[in-house]
Amino acid sequence: MTIKFPDIDYAAIAPLLIMFGVAALGVLVEAFVPKRARHLTQLVLALAGLVAALVVLVTQAETRVVTAGGAIAVDGPALFLQGSIIVLAIMAVLLIGERSLEKGGPFVAQAAITVGSEDDRRQAARADGATEVYPLATFAIFGMMLFVSANDLLTMFIALEVLSLPLYLMCALARRRRLVSQEAALKYFMLGAYASAFFLFGVALVYGFTASVQAAPGRMAGGVDFATIHAAATQSPANRALLFGGLAMIAIGLLFKAAAAPFHVWTPDVYQGAPTAVTGFMAACTKVAAFGALLRVLYVAFDGARWDFTPVLGAIAILTMLVGAVLSVTQTDLKRLLAYSSIANAGYLLVGVLAGVREGISSTMFYLVAYGFTVIAAFAVVTLVRDADGEATHLSRWAGLGRRSPVFAGVFTFILLAFAGIPLTSGFISKFAVFGAALDGGQTWLVIAGVITSMVLAFPYLRVVVMMWLSEPGESTPTIAVPGALTAAALVIGVAATLVLGVAPAPLLNLSDTAGQFIR
Amino acid sequence: MLVLVVVHGLTAVAAPVLVRWLGRQALYLCSLAPFAALGWGLAQTGRVDQGGAVTETYRWVDRLGLQIDLRLVTISWLMVLLVGGVGGLVLVYSVRYFPAGQDGLGRYAGVFVAFAGAMFGLVVSDNLLLLYVFWELTTVFSYLLIAQDPTRRSSRRSAMQALLVTTLGGLAMLGGFVLLGESAGTYRWSQIAEQPPSGPHLAAALTLVLLGALSKSAIFPFSFWLPAAMAAPTPVSAYLHAAAMVKAGVFLVALLGATVGGDQPWRPLLLTTGLITMLLGGWAALRQHDLKLLLAYGTVSQLGFLVAVFGGGTANSALAGAALLLAHALFKSTLFLVVGIIDVSTGTRDLRELTGLARRTPVLAVVAGLAAASMAGLPPFAGFVGKEAAFAAFLHGTGTADLVVLTVIAIGSTLTVAYTLRFLSGAFADKPGVPEVALREPATDWLVGPAILAVAGLGVGAAAAPLDTVLTPYSDTFPAVGSAYHLAVWHGFSGPLGLSVLVLLAGYALYRVGAPSGARLPFDGAAAYRRVMSGVDRLAVELTGATQRGSLPSYLGVILLVLVAGLGGILIGAVPWPENARAWDTSLQPVVGAGIVVAAVTAVRALRRLTAMILVGVSGYGVAVLFVLHGAPDLALTQFLVETATIAMMVLVLRRLPEKFSERPIRTSRVGRIALGVAVGVVAAAMTYVAVGGREAVPLSDAFPGEAVSFGGGKNIVNVILVDIRAWDTMGEISVLVVAATGVASLIFRRSAALARRRGVPVPADQPVTPGWLSAGAGGQSVILEVVTRLVFHTIVLFSIFLLFSGHNAPGGGFAGGLVAGLALAIRYLAGGPDELTAAAPVDAGWVLGAGLFVSVGTGVLAMFAGAQVLQSAVVDVHLPVLGEVHLVTSIFFDIGVYLVVVGLILDILRSLGAEIDRQGVPAP
């Protein structure tokens, strides 16, 4: 018996390989580089790897190929989303690497030390943060990039785990408020494990459904690659309960990562508890990955069942928008507010996904990028507003911030206006693009729900704006720390992108348009 | 036109710098931008007065239909003049209004000019999306202007209200625009208007658009935000709340009305809300003591008037509307500016405190008088011309509806006359018994702006005929009803004139009588606003409380509920179900199954952690029994051992947790959990049933028995699967085991020093340890247990080795053997504590784990060196002197690795979760 190795287009998957290599190197750095030099080494390594991956990705811009034995599809959406993940991850890594705001950085030095013990106080005051966070982050980035280009459900599951497991850990690494952070990580892990299990069960059901179908003459019958599922969706004689059940469970797994209601419950707790830089990373990059995978699954594999899943997912989209919008009204913690806003945005993204036309794909991708830039910038501002106990995230503490440091309050106001979808920000263009695509696709009801919920959602944002500018700063108003070069860079990139994508979105829109074609 | 927008933008950016250099004089420079717009507008008069249009188009975002289409037609030309002219004059006026060195003047100037630019862009936009962009910009800038004085609480609240109401309205309007644009295929209004839209969405689209327009123009039920916004500096009020922003809604109604005026629900909605607003506003104005508030309610009333007139939808009413629009902007901004002067000069705006200003500031009084005359509708002022036209438009209408409208307009105008008089007398008349307030003489150049605007009001009235010529192209776009009306001061003795006289007289009478004090408005929009806001707040709080309790079980419950609902629905839809199934093979199976169910349900009901855990173990044993009944002794053995080892390890952990799950009685939640658990179980089982019942292919495992013997050289299929057929999987799994064990250990042994204890190095004791049985025990344990343990320990270990070697053909194998050996170690630990464990296994658990992994991997690699596949088995039969025939399969070495890994894992867990936790829990002596 000889094993026939699949053909691999190494150039096409080079960005993936680079990220994987960087992550593995990061582990070695942890083991062999002296402690003092680790942070700089890791930071430079991660950033250099990301930039290299981006450069290679750009050279592959025209590649359209299914490779690695049909496991990986490198096509327009995959490349676009991988590029988005890389760019957003660069910003997130910049935030993660910031050490000038707090001695030792925002991460705990040794996560296993009992909270509140003498050792813990010592490490909180002095020790440098753990540098394991870099390999964790790069592994997660690798997983996300694989996630959006996986061409069968098993590869997708592997990618899901590769991206999830590091994230669970990263959530637990906060330097301050460690109990909250650990609780967040545990919740995320437990629920995430369930979601992964559902996904896997769904894969099994779908495999059963495809058993007797060949994707093309001469291919082996059965399988969980998307071409076979696509063929089976119309040809398979098997009980369709398997198809629907499988799709439902796969969707649960993906929607959980995307934070769509009713699988969103973890989001506020985790967003609040995780270190803010990690929250920004999750809010931007995980969202891109989850929706990228969802797009691929729905458009490539289960296209034939569109009429069956659209009403259900549409109801989920509406529920998500409603929950996100209504619940964000009452939030008093900024990170929780942003969490609910991220939930609502998941709803808007779903509207784009369900458009069912090519514009739906491209506008969803545009939305993901635009939202990612804005949300990382928002969390970057959150890291800057601090008092003696670390970040001051309670809303009441932000009252009067505009009087104390107008520049940052101005920046944050701009970000909030972008979230609210005010014109000349990327928020407006992206919402408009998504809703326009949904109208083209005949999903008027989704658009109506979208408009109504964005009206509700504008309320909490505007309330924060009013609070920042129109209140007197009190004694408890925290200071705004002078951002280090890294945070400042991330912030500038995010705000500039939000503005540019609001004023001159045509290049990116066109790019997403040309990239908006899956291959099977 | 785009150039002008850009000029505004640049000026706005430069304004703060200019103000820093030049002080407040810089506002003169800033006013050049709006004046440029005015000048440009005047220059275009010749091109629009014949009904022509000036257009410009620039590409922006093609894919979204978002283009910079600018178009100047008559009505927008009129607005450009107002926006530019009034804007420039107000800026000039602001130089004197603000004291020198006022904080934030630079910001004010910048935002003001930016607002003027946005307003200019709004009125010349032809693309609906572009219009929306400018619309929202005016909202944002107006918010910044209203919030100019952020220290006052009322200012904050009103800014919030204005911002919210207009933003929400704007978003609704966007929805309407999108519906219109998508159904028409273009967002250019001039193109949409050529082929008037129709279809089922039209009514919804129009309603949404009107929501935006009416909220912006403070029409009932959104009127409340305008008076509240009077916290803004007076020049801002004069501009935003008289000439510009509130007119945006009216402008939109005027622009769109020509095309969609006949469609439902355009006309009824506008007439109803407009008229209600007119009456309510006028009535409220009569009751104000603050001059500015009086004007604000007056503005609300006039806006209602305007909306109703434009909503009339005929050529005549449109003409009247345009004239009124112009007139209102002129007189109302004048009056606001006058109030500003009074406020700054005397320090009060309360009409009960002001007295004798007519004598002391005659010029101001004359300016105010001119504007007020226009407001009250005295000939020959602009206000009179407009009002006459409105009366005529509805007087010569056809239906009874027109007569109703006419009546309401007349009543509203009466109110207008009355509050005009109240304003004039309140501000300027001598009031006996009121002490004169101190007055700083206003500078002459301060009066220039208001004076120009007031005189313009007179001039427009006088120039009614040319105005008529200019505006007619606009009104001609509306359907003509009745004979065409023309603007003029004097039409001879006619119905409208009589009505005007009547209104004036009645208004005077009403003023003399005065509004009955204490009469409240029947409906207050602000209260509704507050109710809605607090309702949303409350809903959000309750929803959060209900769904976001931070409890993991409830989160999981939600997800499982969805799973049950979704999959359950699919299953019900999946009938007919597969039928080729047997219920059971032997009658023992249902009995055991029932036992499992009972144990599982009882486990959920248990209050103590230990009980629950043991019950879970019981259901596990039940599964093992099922395996036995199914003829799989090897699986059953493994299952038994795993359950036992799990219980032992869990007990180690549970020692440190509270005994009970919860101190509170949790009956209800337990019932819910049991129900949910049962539901999930049923659904998952049913799904499996459907899936298995749907099998069409031959199972792969059918080939296993034959393959196991011929290739694996063993008769225990399960074991051959583990060490041969699926050896790669096993290798992955034991690697994971090693990693997990290391992870547990590194969590528990936190410092390098503690790792010595993991290695099992005997801790140097104070007393020399006497060698012998039971010497390492800490003492205090049950002697019987210790003795029995010592007696059976070696036997058990031997048995485990037997299992390891016999596993290839009989039940057993490396995994089961390792578990047995591990359990032996666990008994030693339970009997004698950590020291006894060290005595039993004086090795580093890490070494054991590593050795196991090394052996397993090494076996595979050796096979490769031997020229075979990695992990391929070879069968060797040799004859040994003592043992006889030995049937040796090389995979046994692989199994030994597994054995070692499992033993190492349990040893590691006993050391970490057991011994180390004991040590940490006991305070050091």
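Basis for what follows: all heavy atoms, side chains included, without hydrogens, waters or symmetry-related copies. In what follows, chains carry the letters A, B, and so on, assigned in the order in which the sequence lines appear, proteins first and then strands, with residues in each chain numbered from 1.
- In this view, A/E161 satisfies the salt bridge (charged side-chain N to carboxylate O under 4.0 Å, His left out) rule with no residue, not counting sequence neighbours.
- Put simply, the side chain of A/T330 never gets that close to the backbone of A/L327: no donor and acceptor are under 3.5 Å apart.
- Of the atoms belonging to A/L509, heavy atoms from both backbone and side chain fall under 4.5 Å from chain B.
- Contacts of B/L208 with chain A are absent, with no heavy-atom separation under 4.5 Å from either backbone or side chain.
- Interface summary for chain A: among B/L174, B/L168, B/V178, B/L179, the most heavy-atom pairs under 4.5 angstrom belong to B/L168.
- With a 4.5 angstrom heavy-atom cutoff, A/V265 touches chain B via backbone and side-chain atoms both.
- The shortest heavy-atom contact between B/G169 and B/S215 is CA-OG, 3.4 Å.
- Looking at A/T444, the atoms closer than 4.5 Å to chain B (heavy atoms on both sides) all sit in the side chain, from C-beta outward.
- Annotation: B/Y132 is in aromatic contact with A/F428 [ring centroid separation under 6.0 Å].
- Only the side chain of A/E183 comes within contact range of chain B, judged by heavy atoms closer than 4.5 Å.
- Interface remark: A/F244 contributes backbone and side-chain atoms alike to the contact with chain B (heavy atom separation under 4.5 Å).
- If you measure heavy-atom distances from A/Y340 to chain B, the contacts under 4.5 Å come from the side chain alone.
- If you measure heavy-atom distances from A/V323 to chain B, you find no contacts under 4.5 Å at all.
- Contact of A/A433 with chain B is made through backbone and side chain together, with heavy-atom distances under 4.5 Å.
- Residues A/L255 and A/L313 form a side-chain contact, since some pair of their non-hydrogen atoms from C-beta on lies under 4.5 Å apart.
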Show your reasoning for whether side chain to side chain contact (heavy atoms under 4.5 Å, CB included) applies to B/E136 and B/T167. CA-CA 7 Å; B/E136 289 293 304; B/T167 307; 3.8 Å; yes
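- Chosen from B/L539, B/V133, B/L129, the residue pairing most often with chain A at heavy-atom distances under 4.5 Å is B/V133.
- The main-chain N or O of A/P505 is never found under 3.5 Å from a side-chain atom of B/W60 such that the two would form a donor-acceptor pair.
- Looking at A/F209, there are no atoms closer than 4.5 Å to chain B (heavy atoms on both sides), in backbone or side chain.
- Interface residue A/L417: only side-chain heavy atoms are found under 4.5 Å from chain B.
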Would you mind writing out the side-chain donor-acceptor pairs for residues 455-464 of chain A within the sub-3.5 Å range, not counting sequence neighbours?
from: A/Y461; atom 1: OH; to: A/S341; atom 2: OG; distance (Å): 3.0
from: A/R463; atom 1: NH2; to: A/V329; atom 2: O; distance (Å): 2.4

